[in-house]
There are 2 protein chains.
Amino acid sequence: MADMARKQGSHSDITGPRVRDAALRLIARHGYAAVSMRQIAAEVGVQAGALYNYTPDKQSLLFDLMQGHMQELLAASRSADLAGDALARLAGFTRFHIAFHLPRPDQVFVSYMELRNLSDANFAVIEGMRRAYEDVLEDILRDGEAEGVFAMADTRVTTRALIAMLTGVSNWYRPDGQFDTETITTIYWDLVRKSVTA
Amino acid sequence: MADMARKQGSHSDITGPRVRDAALRLIARHGYAAVSMRQIAAEVGVQAGALYNYTPDKQSLLFDLMQGHMQELLAASRSADLAGDALARLAGFTRFHIAFHLPRPDQVFVSYMELRNLSDANFAVIEGMRRAYEDVLEDILRDGEAEGVFAMADTRVTTRALIAMLTGVSNWYRPDGQFDTETITTIYWDLVRKSVTA
DNA sequence: TTTCCAAATGAACGAGCGTTCAGTTAAATG
DNA sequence: CATTTAACTGAACGCTCGTTCATTTGGAAA
């Protein structure tokens, strides 16, 4: 009679996500170093000490946010990179990248801006996941070169250039602005396709 | 006997730049909020209080670094955007952007990562300068469309996409690495040219 | 040599930091 | 109803923060 439904009805399964949500929003807005545990706690509506029921320390809170984002990104990208020739897969990747990033501006912001606030060990983990994501695109570009459909001076540099271009959309895109996701995708796919086709 | 050679031989004209250099390097490495005035002072070799001979406060120190960078960038870009048809000017802009940014990784990093740590008034100033720089490229793209040499879905979005791509090189480029500036320029110019030509 | 003053020191200010923990609370269990 | 215990409080720990300022220092000016 120990393990079954142990904390049903308790708040911990509600407060936990709320801590993460508050931390994500505040860190995206003000930066990891500028946000205090007391600010996060106030946003959730608890005292600072209560946060330590949900994270061992502030650094782990940042790492969990970034690792969670990268895990979602990797899992989703591997599902998306499936069918067809290199050109079709590049179109799919472009569409996926924009569709994944645009609805997650805070996650994107934190994951790209707070790398230097990770401990060395945590940085290595996130960096490895970023590499793995770059490899998804690089494989497509290499296959397209082999097919004779793509031509570029250096695959690795081109990979990074394209990802920088695509991710940059999060820096200015506003959902209530001039463009919807579909229009953005069309514009960027046009740039991507032309830049790498032979 | 008042105004002539007033502080010749004093340290202020040496310490001032050293404060800015130390602040730039430390902020690029650890972030504005994570760097203390005492750390900057220690790097310079003075006590924290002495910094206030050179800046009214920490916020002004950050703003001066960013404003100085943007002023240099704008002045240099206007000198570089001179001759020829749109294609030649786009080549010149691409070359200029890379040549200007690659030797200044710390300035680039700070100017793009610390925007959220500026006061509202200071942010507006820097944002305006960034807009002005984007306009240099956008003018080239518009002229190229008028010439019938370029074709793109949206000039403003394309401007931002290209600048994001070009600036992204600072995120991974290392001067002791595989590529020299000339090679990088060739690779990126290839991508830029193909992405916008009709 | 004496005077002068820019430059820098070093101590202090109130405030906020991450984190810990003994004690309180309130909902689920028996 | 009595008991249990996860969740949370509130105070405290030692420490660092940005900034101020009376005082000291040392090289240039007279």
Side-chain angles (χ1 to χ4, degrees), chain A residues 1-24 26-27 29-65 114 116-119 121-122, chain B residues 1-24 26-27 29-65 114 116-119 121-122:
Chain A
M1 57 214 56
D3 290 36
M4 215 183 68
R6 282 254 294 282
K7 47 183 172 174
Q8 201 180 23
S10 81
H11 293 173
S12 80
D13 51 348
I14 295 174
T15 308
R18 297 226 302 143
V19 169
R20 289 170 49 97
D21 289 352
L24 178 67
L26 286 171
I27 292 173
R29 190 114 57 212
H30 306 292
Y32 172 77
V35 171
S36 69
M37 295 299 271
R38 285 171 177 82
Q39 283 177 266
I40 297 170
E43 190 89 351
V44 175
V46 297
Q47 295 297 316
L51 298 182
Y52 291 85
N53 290 321
Y54 305 98
T55 183
D57 48 40
K58 193 188 178 191
Q59 167 72 204
S60 301
L61 191 50
L62 175 65
F63 175 67
D64 288 347
L65 290 174
E114 303 295 352
R116 63 183 164 188
N117 287 309
L118 291 172
S119 68
N122 287 344
Chain B
M1 56 220 56
D3 289 36
M4 217 183 66
R6 283 255 294 282
K7 48 183 172 175
Q8 199 180 25
S10 81
H11 291 175
S12 80
D13 50 348
I14 295 173
T15 308
R18 297 226 303 141
V19 169
R20 289 172 48 99
D21 288 353
L24 178 67
L26 286 171
I27 292 173
R29 190 113 58 212
H30 307 292
Y32 172 77
V35 171
S36 70
M37 296 297 271
R38 283 172 178 83
Q39 281 177 267
I40 297 170
E43 190 88 351
V44 175
V46 297
Q47 296 298 315
L51 298 182
Y52 291 84
N53 290 322
Y54 305 97
T55 182
D57 48 40
K58 194 188 178 191
Q59 167 72 204
S60 302
L61 191 50
L62 175 64
F63 176 67
D64 288 346
L65 290 174
E114 304 295 351
R116 62 184 166 188
N117 287 309
L118 291 173
S119 68
N122 287 344

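In what follows, chains carry the letters A, B, and so on, assigned in the order in which the sequence lines appear, proteins first and then strands, with residues in each chain numbered from 1.
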Check: residues 42-52 of chain A side-chain donor-acceptor pairs under 3.5 Å, at least two apart:
from: Glu43(A); atom 1: OE2; to: Arg25(A); atom 2: NE; distance (Å): 3.4
from: Glu43(A); atom 1: OE2; to: Arg25(A); atom 2: NH2; distance (Å): 2.5

What string of B, S and - do you get for nucleotides 15-22 of chain D, 5' to 3', when a contact is any protein heavy atom under 4.0 Å? --BBBB--

Determine: side-chain N/O of Tyr54(B) to OP1/OP2 of dA6(C), distance under 4.0 Å, yes or no. no

Starting from P on dG18(C), measure out to CG on Leu62(A) and report it in whole angstrom. 13 Å

Val19(B) and Leu61(B) have their tightest heavy-atom pair at CG1-CD1, 4.2 Å

Can you name the nearest heavy-atom pair linking Leu118(A) to Phe63(A), along with the distance? CD2-CA, 4.1 Å

Check for a donor-acceptor pair, side chain of Lys58(A) on one end and backbone N or O of Tyr32(A) on the other, with a separation under 3.5 Å. yes

Length of the line joining Gln47(A):CD and dC17(C):P, which is rounded to integer Å: 13 Å

So does Glu114(A) pair up with Arg116(B), basic N to acidic O under 4.0 Å? yes

Report yes if a side-chain nitrogen or oxygen of Thr15(B) is closer than 4.0 Å to either non-bridging phosphate oxygen (OP1 or OP2) of dA7(C); otherwise report no. no

Side-chain heavy atoms of Arg20(A) within contact of Pro17(A), under 4.5 Å: no

